[in-house]
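All ligand and atom numbering here is 1-based and tracks the order in the structure.
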Amino acid sequence: MTAEATQPPAFQPDSGPPAPVTAPREKTAIPKNPGRRELGMKATLLFPNKEIVEQYYVPLIYTACRTCYSELTPDDIFDRAATGQIDQAKMQKLISGVIESGHGSTIEHVVFTFGISGVSRTLSHQLVRHRAGVAFDQQSQRYVTFKGASTMLPASIEDAEPELRDAYNEQIAGSMDLYGQLVGAGIPGEDARFVFPNATRTNLVMTTNLRALIHMSGLRLCTMAQWEIRRLFQLIRHEIFQVSPFLGSFLAPKCVALGYCDEMGNRDEHCPIRPHKDNVLGAWAEKSKAAKAAGRELTVK
Ligand SMILES: Cc1cc2nc3c(=O)[nH]c(=O)nc-3n(C[C@H](O)[C@H](O)[C@H](O)COP(=O)(O)OP(=O)(O)OC[C@H]3O[C@@H](n4cnc5c(N)ncnc54)[C@H](O)[C@@H]3O)c2cc1C
């Protein structure tokens, strides 16, 4: 997020397109993702497996959607859906429409549990900020005494000048060494861990319903997200695609569903996945002005 003070004034529809606030950056196509390197992290879908997803998940969501508009009872609808009496394409069409309309409770009925390992504490702190529709359990630094805790090396530091990279590595090794000395001297692990850097790796179990997963993916697959958590959600999306390409297709940067980018940091559109909303509104204002000048009102088709 950008500090409040650096924000330009809000765009007023009648005042024409907003003036550019930052020097335009080069359009880079989709920004390079350093997280594509082998980072030693894993995300594994623990539950459900493909058979369960195929047999029950789409029928379950369909049942939730259909119940709203049907005289049939939920168990009748589910029975028909889960025994192949309703066409898959028909179920998917209804579900897609309902998701696009934002009727999100229908997709809270299915959950996914992931085993996440080897991610840094920097990542886990961001991940556990998600509160709605998601549960976490994380490896304890109190109850686990680490004998060689491993750490994450960011690509920018790996590629930095050798002296800088060595200084980083020494600092990390020094912290880990001191941790060992403290534990060896009888200091409890819960206190010795205070020397751990943010780079320390950790493991979590995360269970999330589909609505929360789509929301989190929208934020974390965005190119404005931090590289490590973006990489994690790429792995998560891959896992969902393995069990259901249909459900996996809803995991995308938030701009894909919105149709525009709403990130302040992308006003210069250096990330070109979708146009920035300021430019969309700006184009609309220009069109509206031209229409007024021609003596007609602009109508939405
Ligand atoms: C690119 C990026 C940069 C970030 N930078 C910072 C930063 O600098 N500092 C910082 O502190 N955080 C930062 N965050 C974290 C961010 O502010 C959120 O805390 C985090 O993304 C969790 O998302 P969420 O609030 O949508 O919560 P979720 O728990 O995922 O909630 C999902 C949705 O449920 C609704 N909801 C949940 N709880 C409530 C509630 N109590 N009341 C009303 N509605 C609710 C909201 O609509 C919410 O969007 C950043 C996140 C991103 C993606």
For residues Y179 and F194, establish whether the separation of their ring centroids is below 6.0 Å.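 No: the rings miss the under 6.0 Å criterion.
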
Ligand 1 atoms nearer than 4.0 angstrom to some heavy atom of M224 are 1 (C)

With a cut-off of 4.0 Å, which atoms of ligand 1 are near a heavy atom of L219?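 Those of ligand 1 that fall under 4.0 Å from L219 are 21 (O), 23 (O), 53 (C).
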
So, is H130 polar-close to ligand 1, with some N/O to N/O distance under 3.5 Å?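 The answer is yes, given that H130 and ligand 1 share an N or O pair closer than 3.5 Å.
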
Is A132 close to ligand 1, meaning an N/O of one under 3.5 Å from an N/O of the other? yes

Sidechain-backbone polar pair: S120 side chain, T200 backbone, donor-acceptor under 3.5 Å: no

Using heavy-atom distances only, which candidate in Q126, R129, R211, H125 approaches atom 11 (O) of ligand 1 most closely?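 Shortest heavy-atom distance from atom 11 (O) of ligand 1: R129.
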
Tell me, please: is R220 in heavy-atom contact with ligand 1, that is, under 4.0 Å?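 Yes.
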
Side chains of residues 59-70: which donor-acceptor partners sit under 3.5 Å, not counting sequence neighbours?
unit_1 : atom_1 : unit_2 : atom_2 : d
T63    : OG1    : P59    : O      : 2.7
T67    : OG1    : T63    : O      : 2.6
S70    : OG     : L72    : N      : 2.9

Sidechain N-carboxylate O distance under 4.0 Å for K277, D262: no

Worked verdict on E269 versus R274 for salt bridge (charged side-chain N to carboxylate O under 4.0 Å, His left out): CA-CA 8 Å; E269 290 186 353; R274 291 289 182 276; over 6 Å; no

May I ask you to identify, for R131, whether its side chain, its backbone, both or neither come under 4.0 Å of ligand 1 on a heavy-atom basis?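 Looking at R131 and ligand 1, atoms from backbone and side chain both fall under 4.0 Å.
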
If you measure from each non-hydrogen atom of Q226 to ligand 1, which part falls under 4.0 Å: side chain, backbone, both or neither?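 Looking at Q226 and ligand 1, no heavy atom falls under 4.0 Å.
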
Would you say the side-chain atoms of T44 and E239 include a donor-acceptor pair closer than 3.5 Å?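 No, no side-chain donor-acceptor pair sits under 3.5 Å.
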
